[in-house]
Number of protein chains: 2
Amino acid sequence: MYTAGMETSERLIESAQALLWERGYVGTSPKAIQERAGAGQGSMYHHFRGKPDLAVAAMRRSAGQLRAQAEEQMARGGTALEKATAYLVRERDALRGCRVGRMAMDPDVVASAQLREPVRETFDWLTGHLAAVLAEGVASGELRPGLDPDDTATMIVAVVQGGYVLARAAGSQEPFDSAVRGAVALLAAQAA
Amino acid sequence: MYTAGMETSERLIESAQALLWERGYVGTSPKAIQERAGAGQGSMYHHFRGKPDLAVAAMRRSAGQLRAQAEEQMARGGTALEKATAYLVRERDALRGCRVGRMAMDPDVVASAQLREPVRETFDWLTGHLAAVLAEGVASGELRPGLDPDDTATMIVAVVQGGYVLARAAGSQEPFDSAVRGAVALLAAQAA
DNA sequence: GTCTATAGGAAGATAGAC
DNA sequence: GTCTATCTTCCTATAGAC
């Protein structure tokens, strides 16, 4: 996993990102991060105060990347329905799960305000952004007047996060795609 | 956590259930299970082959309880819509998460067929049961003819599982309830 | 900045006495 | 059936040399 021509602290962050995604916070050891980064103990503790500090840096990085990705996808659609659908049907490797959402299931992450913050912030932004898109759709007359933008946005994000759970439980991508199809169909029926 | 008047193997299973729910498989040690059960090393390794063996027993137990609970809730409704809604709005402590679904985020569980089996089976049954309920609703003319029972059922289960993720990320029950309200509203619009 | 040495404790299990 | 001892490896650092 050693990547030439990159600073050690960068390599440590990227290694931590990958391992946190694969194994979660509790399941990831500093030693494993170091080995993957091709760095020694000393390097890691020189650049970071410890495991939590490095994990926060890695999670912030992942959160930023996820947000940029989501922003780009939703910008593609024209109407509110298109934007929401674009977020839902974006191609995902469901078996890997969500690198940000997965952290919410980790006991040590949820127990620490520092570790939980990037996760909280990401979903706050995401549901808020989607809610704004849906509210505009209601205001413009594209969507049924009674539609609640906040509840609907939260539901959309929940379908994606829950889809990951079902896919991993089944050991197959299929439940994820099925859940997304179900949500898209129900949303389509909300056109005014 | 010692419960008087119960066999040691029972106490070990119940302790494992509680700890797996709280901390996941990777985050739960045999020692912690033993301490909570008021049992020694020897007892645990006498009744179970090791951590995976005990975890499977605990997960099977939790899966059975969850299924019984879901069965009971869904039996309450009369129409298909009432049954599906009953499943969604059942009272849950969202911050604790789902004791079965949480396991799907654990790397060691997903990597082992033995450990993953109870999780897979539970969601298989749950989505299947909900799909049958919805299919009946379509057949009876209660629900719109074009509604896909499988996709819709999977979406409903995903909303609940994803709701847990959002609630834990936010440190609040609210996102869970919001996602459920969003799903219930969209489902209600599917009446024929 | 990076390396090696060292450390106290936990993880996961085995052995054998009682 | 349960208990204590023992074992090896890993976890998460800290110390200090280079």
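By convention in this document, chain letters (A, B, ...) are assigned in the order of the sequence lines, proteins followed by strands, and residues within each chain are numbered from 1. Scope of the values below: all heavy atoms of this structure, side chains included, with no hydrogens, waters or symmetry mates.
A salt bridge links A/Glu10 with A/Arg61; the closest basic N to acidic carboxylate O contact falls under 4.0 Å. Under 4.0 Å is where a charged nitrogen must lie from a carboxylate oxygen, and between B/Arg181 and A/Asp150 no such pair does. Using a cut-off of 4.0 Å between Lys/Arg side-chain N and Asp/Glu carboxylate O, B/Arg120 and B/Glu117 are scored as salt-bridged.
Atom CZ in B/Phe48 sits roughly 11 Å away from atom P in D/dT2 (whole-Å rounding). One can place CD of A/Gln34 at 14 Å from P of D/dC10, the figure rounded to the nearest angstrom. Remark: C1' of C/dG9 and CD of B/Glu35 are 13 Å apart, rounded to the nearest angstrom. Atom CG of A/Leu19 and atom P of D/dC11 are 11 Å apart (whole Å). Per the geometry, OH belonging to A/Tyr45 stands 11 Å off P belonging to D/dC11, to the nearest Å. Distance A/Lys51 NZ to D/dA13 C1': 12 Å, rounded to the nearest Å. Note: CG (A/Leu54) to P (D/dA13) measures 11 Å, nearest angstrom.
With distances taken from any side-chain atom of B/His47 to the nucleotides D/dT12, C/dA13, D/dT2, the minimum falls on D/dT2. Closest to the side chain of B/Lys31, from the set D/dG1, C/dA11, D/dC11, is C/dA11.
Between A/Arg49 and A/Gly27, it is A/Gly27 whose nearest contact on DNA chain D lies nearer the 5' terminus. Toward the 5′ end of DNA chain D lies the nearest nucleotide of B/His46, the other residue of the pair A/Pro30 and B/His46 mapping further downstream.
Using a 4.0 Å heavy-atom cutoff across all strands shown, B/Ser9 reaches no nucleic acid atom at all.
Among B/Val159, B/Thr85, B/Leu81, the one residue that satisfies the side chain to side chain contact (heavy atoms under 4.5 Å, CB included) test with B/Val184 is B/Thr85.
Where the helix from C/dG1-D/dC18 to C/dC18-D/dG1 starts and where it ends, the local axes point in directions that differ by 0°; five pairs per end, rounded to 10°.
Dashed line: the shortest gap from a side-chain N or O of B/Thr8 to OP1 or OP2 of D/dT2 is under 4.0 Å. At least one side-chain nitrogen or oxygen of B/Ser29 sits closer than 4.0 Å to the OP1 or OP2 atom of C/dA11.
Applying the salt bridge (charged side-chain N to carboxylate O under 4.0 Å, His left out) definition to pairs two or more places apart or across chains, none involves residues 157-169 of chain B.
Taking the ring centre of A/Tyr45 as origin, the terminal cationic atom of A/Lys51 falls outside the region bounded by 6.0 Å and 45° from the ring axis. Cation-pi geometry between A/Arg102 and A/Trp21 is not met: the NZ or CZ atom fails to fall both under 6.0 Å from the ring centre and inside 45° of the normal.
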Kindly determine whether A/Arg99 and A/Glu22 satisfy salt bridge (charged side-chain N to carboxylate O under 4.0 Å, His left out), including the steps that lead there. CA-CA 8 Å; A/Arg99 46 191 172 164; A/Glu22 285 171 25; over 6 Å; no
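Using a 4.5 Å heavy-atom cutoff, the side chains of B/Val119 and B/Met59 are in contact.
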Please list, for nucleotides 3-7 of chain D, all pairs of protein and nucleotide N/O atoms separated by less than 3.5 Å.
unit_1	atom_1	unit_2	atom_2	d
D/dC3	OP2	B/Gly40	N	3.1

